[in-house]
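A short worksheet on the structure shown next.
Naming: A, B, ... by sequence-line order, numbering from 1 per chain.
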Amino acid sequence: MADPAETLLRGLNPPQREAVQCVDGPLLIVAGPGSGKTRVITHRIAYLNRKVGVSPGRIAAVTFTNRAAREMRSRLGALLGDGAGRLTAGTFHALCAMILRRDGEAIGVPNDYVIMDDEDQMSLVKQAMEQTSVDSKRFPARAILSAISRAKSQLLGPDALAAQSDGFYDEVVHRVFAAYQAALARSHAVDFDDLLGKTVELFRRDHAALGRWQERFIHFMVDEFQDTNTAQYELARQIAGRHRNLAVVGDPDQSIYSWRNADIRNILSFQKDYPEARVVRLSQNYRSTETILQAAQRLIRGNSQRIEQDLFTENARGVRIRLVEAYTEEEEAQEVAREALRLTREDGVALRDCVVAYRVNAQSRAIEEACLRYGLRYKLIGGVRFYQRREVKDLIAYLRLLQDPYDEVSLTRVVNVPVRGIGKRTVDELVAWARSLDVPAYTALQLLADQDDYPSPFDARQKRRLTDFLALLNELSALKPTMEAPQFIDETLERSGYRRALLESDDPDAEDRLDNLREFRGLSAEFAGEPASEALPRLLERVALVADQDAIEENEEQYLTLITLHQIKGLEYRVVFITGMEDGLLPHSRSLDDPDQLEEERRIAYVGMTRARERLYLCRALRRRMFGAMGAGLPSRFLKDVPPDLIEKPDRSGRRSEREAARVFRAPAAAANGAGGAPPPFRAGEKVTHPAFGLGVVVNCASRPGDYEVTVAFAGNQGVKRLLHSYGKLERAGA
DNA sequence: GGTTTAGATGTTTTT
DNA sequence: CATCTAAACC
């Protein structure tokens with residue numbers, strides 16, 4: 001029994017063991033929620049090491065987020081110790097960045113390439129549309145971009161798209177597509193889809209390079225396989241092409257990224273491409289109570305396009321799912337906050353064990369406000385992401401420009417930030433002039449500076465300003481090898497005048513912005529110990545690829561987590577609140593008219609529900625602010641699919657009058673304490689009656705936003721209850 | 001060329 | 001409702 005490999009199998013059920021031990025050849029694991037699939041993957045890696053002697057360094061494990069990769073590493077560390085550090089774990093994008101950094105030049109991806117984010121892509125598409133005179137009124141740039149992105153994630157270039165084009169729209173897309181790719185190339189840039197597509201292209205063309213990576217990773221594993229797109233799957237097949245040790249783990253019912261071109265059919269393709277593949281199903285749920293699992297199962301059965309998985313659990317039945325119905329978004333948030341508070345005080349639940357999940361980021365605001373009001377610490381995941389903030393993007397644009405002067409998007413972004421008298425008109429002229437000379441904008445600037453008499457469209461004043469800017473870039477570039485990244489960032493902010501402009505501006509957020517810049521500088525400290533010229537490419541790559549800046553920290557701090565239903569995938573909490581269970585929000589209004597999208601919305605709800613271990617709250621508001629106006633919210637159609645006997649409904653008989661609802665609606669934030677200044681309705685010690693609970697004695701009367709919460713000890717075995725005064729069911733006894 | 005303002009406009013999810 | 005755009009104004 002001293003066999004270290006055997007100990008890894010302890011505590012696993014038979015299918016889990018099978019998945020762990022099946023270390024030769026292709027493997028498909030279809031795993032329901034809470035089935036311990038992450039555990040199976042890490043154990044499999046450890047088993048490969050202990051039993052077969054495969055070093056973790058020869059294994060690539062692709063995860064959906066960087067967070068998941070980090071988690072996998074630490075789990076593996078617990079099993080294997082030091083050796084685990086050599087595992088290559090990360091997203092497909094990170095893996096591709098690594099490959100391209102080393103071998104990309106073979107297909108013309110320059111060593112110093114930069115990665116464009118979606119905002120940059122948008123501006124490039126708009127520019128490409130102007131260039132090809134495509135009317136942005138008739139063809140929204142966003143739609144064109146998503147068509148381009150769809151084509152790219154299916155490994156179609158402009159020409160391939162044109163070849164299978166069917167109609168005018170594709171023709172338009174094709175034109176913009178080609179111009180867009182040209183603009184990327186001119187800027188030495190790749191977008192997220194290129195990262196994948198160029199790597200696939202590299203492996204198609206350069207078999208020596210492919211062979212090296214095939215030998216490097218003799219085992220390849222993909223988690224969340226249901227959310228991979230065509231390019232990602234192709235890449236996995238390429239790398240696993242020699243050893244055929246490709247293991248994929250997925251759950252079709254949790255596929256929620258089709259809008260990012262994830263293709264659930266990859267699971268079918270896998271079985272076709274690897275007919276010899278072993279298929280293992282993990283159906284036992286170790287996470288949730290039976291009630292929660294059953295409710296989720298019933299919900300997901302509402303989808304017609306699916307294969308039934310018979311999930312089961314041996315966990316206890318647990319408490320019923322609570323339905324929370326509030327009048328407004330604010331009340332919904334307050335009820336959530338109040339309940340979270342109650343759980344921490346009465347039920348021994350830590351605040352960290354609770355999570356509030358919602359469909360759209362905008363919903364977080366009401367919750368945040370409720371948390372502030374009740375003094376709950378919270379942590380917002382996602383939201384306006386750090387790297388997207390204006391000042392951070394400005395700084396990144398400077399750094400990118402200093403790494404790659406041909407990055408035109410960055411150049412036009414910062415050429416007049418802070419204002420240097422180089423307005424839109426001048427910038428347009430510069431870009432047009434550069435294009436007429438068929439050189440990048442940066443080269444045009446150099447021309448302007450070096451050849452005094454070269455004919456240009458600029459007068460002396462503009463010429464002076466432009467060459468001053470060029471001088472600034474060159475000056476900073478010269479500093480790059482002489483100092484470390486944090487110091488270089490300081491110099492950039494100083495010499496560009498950015499910091500000073502921010503200090504002198506009357507922007508009310510100036511302080512925050514400086515804080516953010518300081519924070520960014522702090523991040524760059526990780527790359528200290530080497531000159532900025534070395535650190536910059538890796539720093540910028542990190543910035544582009546690692547989106548989960550506000551990662552969930554594994555510390556002891558107590559806070560309520562606020563997160564979207566998309567980001568919560570892969571996590572679990574004892575208590576889950578899902579807010580906005582309304583038609584139009586979940587399912588989202590943009591998905592209502594498409595059956596396929598509607599099924600995806602249902603899967604999103606399913607993912608949310610199955611995150612809960614013990615308690616699940618489904619919350620909705622009758623009225624919600626949308627488009628600036630209030631709209632009536634109908635309950636989510638998904639609620640109907642949850643069996644009523646699994647749900648505990650609010651006491652409808654005690655519902656407040658419509659008039660009172662209107663009052664709350666008009667002044668939702670009125671009176672943070674007590675009912676608008678009204679005196680407490682009862683005092684401790686008073687005798688009261690309740691229609692359902694009978695006679696009781698008031699224990700306490702605490703003020704609540706817009707209300708009072710009365711604690712009453714009822715006679716007999718009714719026990720102590722907390723009731724909201726506005727429900728109006730309590731009356732003074734003995735009158 | 002810069003700045004302010006009114007007006008329109010468009011609202012999901014993220015590596 | 002908040003953010004972006006275009007046009008008027010400085």
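Every residue two or more places apart in sequence or in another chain was checked for a salt bridge (charged side-chain N to carboxylate O under 4.0 Å, His left out) with A:Asp251, and none qualifies. Residues passing the side-chain contact (heavy atoms from CB on, under 4.5 Å) test with A:Thr412 are A:Val427, A:Val431, sequence neighbours excluded. Taking the side-chain contact (heavy atoms from CB on, under 4.5 Å) definition, one finds that A:Ile115 meets it with A:Tyr113, A:Val190, A:Phe192, A:Leu195, A:Glu541, A:Ala544, A:Leu545, sequence neighbours left out. Partners of A:Asp103 by side-chain hydrogen bond (donor to acceptor under 3.5 Å, both in side chains), not counting sequence neighbours, listed by chain and number: A:Arg212, A:Trp213. Here A:Tyr606 pairs with nothing under the side-chain hydrogen bond (donor to acceptor under 3.5 Å, both in side chains) rule; sequence neighbours left out. Applying the side-chain hydrogen bond (donor to acceptor under 3.5 Å, both in side chains) criterion to A:Glu526, with sequence neighbours excluded, gives A:Arg542. Evaluation of the side-chain contact (heavy atoms from CB on, under 4.5 Å) rule for A:Asp468 yields A:Arg464 as partners, not counting sequence neighbours. For A:Asp193, there are no salt bridge (charged side-chain N to carboxylate O under 4.0 Å, His left out) partners, not counting sequence neighbours. With sequence neighbours left out, A:Ala141 forms a side-chain contact (heavy atoms from CB on, under 4.5 Å) with A:Met122, A:Val125, A:Lys126, A:Met129.
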At a cut-off of 3.5 Å, list every protein nitrogen or oxygen paired with a nitrogen or oxygen from nucleotides 2-9 of chain B, distance to 0.1 Å.
| unit_1 | atom_1 | unit_2 | atom_2 | d |
| --- | --- | --- | --- | --- |
| B:dG2 | OP1 | A:Asn416 | ND2 | 3.4 |
| B:dG2 | OP1 | A:Gly421 | N | 3.1 |
| B:dG2 | OP1 | A:Ile422 | N | 3.3 |
| B:dG2 | OP2 | A:Gly423 | N | 3.4 |

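Atom CZ in A:Arg425 sits roughly 6 Å away from atom P in B:dG1 (whole-Å rounding). Taking atom CD1 of residue A:Ile256 and atom C1' of nucleotide B:dT14, one finds them 10 Å apart after rounding to whole Å. Atom CG in A:Leu565 sits about 11 Å away from atom P in B:dT13, given to the nearest Å. Nucleotide B:dT14 holds its C1' atom 12 Å from the CD1 atom of A:Ile604, rounded to whole Å. Rounding to whole angstrom units, CG of residue A:Asp118 and C1' of B:dT13 are separated by 12 Å. Between A:Arg602 atom CZ and B:dT13 atom P the separation is 21 Å, expressed in whole Å. The CG-C1' distance, from A:Asn261 to B:dT13, rounds to 13 Å in whole Å. A:Glu119 places its CD atom 12 Å from the C1' atom of C:dC4, with the value rounded to the nearest Å.
Contact check, A:Thr65 against B:dT14: no side-chain N or O comes under 4.0 Å of OP1 or OP2. Between B:dT13 and A:Gln567, no contact under 4.0 Å exists linking OP1 or OP2 to a side-chain N or O.
Aromatic stacking is marked for A:Trp259 over B:dT13, as both cut-offs hold: 5.5 Å for the centres and 30° for the planes.
Helical stems in DNA chain B, defined as runs of 3 or more consecutive Watson-Crick or G-U wobble pairs with donor-acceptor distances under 3.5 Å: B:1-10 with C:1-10.
Open room surrounds CZ on A:Arg365; 12 or fewer heavy atoms of other groups in view lie less than 6.0 Å from it.
Both A:Thr426 and A:Arg142 lie close to DNA chain B; mapped to their nearest nucleotides by heavy-atom distance, the more 5′-ward contact belongs to A:Thr426.
Each of A:Asp407, A:Asp112, A:Asp117 was evaluated against A:Arg400; a single residue qualifies, A:Asp407, per the salt bridge (Lys or Arg N to Asp or Glu O under 4.0 Å) test.
Comparing B:dT14, B:dT11, B:dG1 by their closest approach to the side chain of A:Gln462 singles out B:dG1. For A:His566, whose side chain is taken as the heavy atoms from C-beta onward, the closest listed nucleotide among B:dT15, B:dT11, B:dT13 is B:dT13.
For the segment residues 193-200 of chain A, no residue has any heavy atom less than 4.0 angstrom from an atom of DNA chain B.
Note on ring orientation: taking the six-membered ring where Trp is involved, the planes of A:Phe64 and A:Tyr257 are tilted (angle from 30° to 60°).
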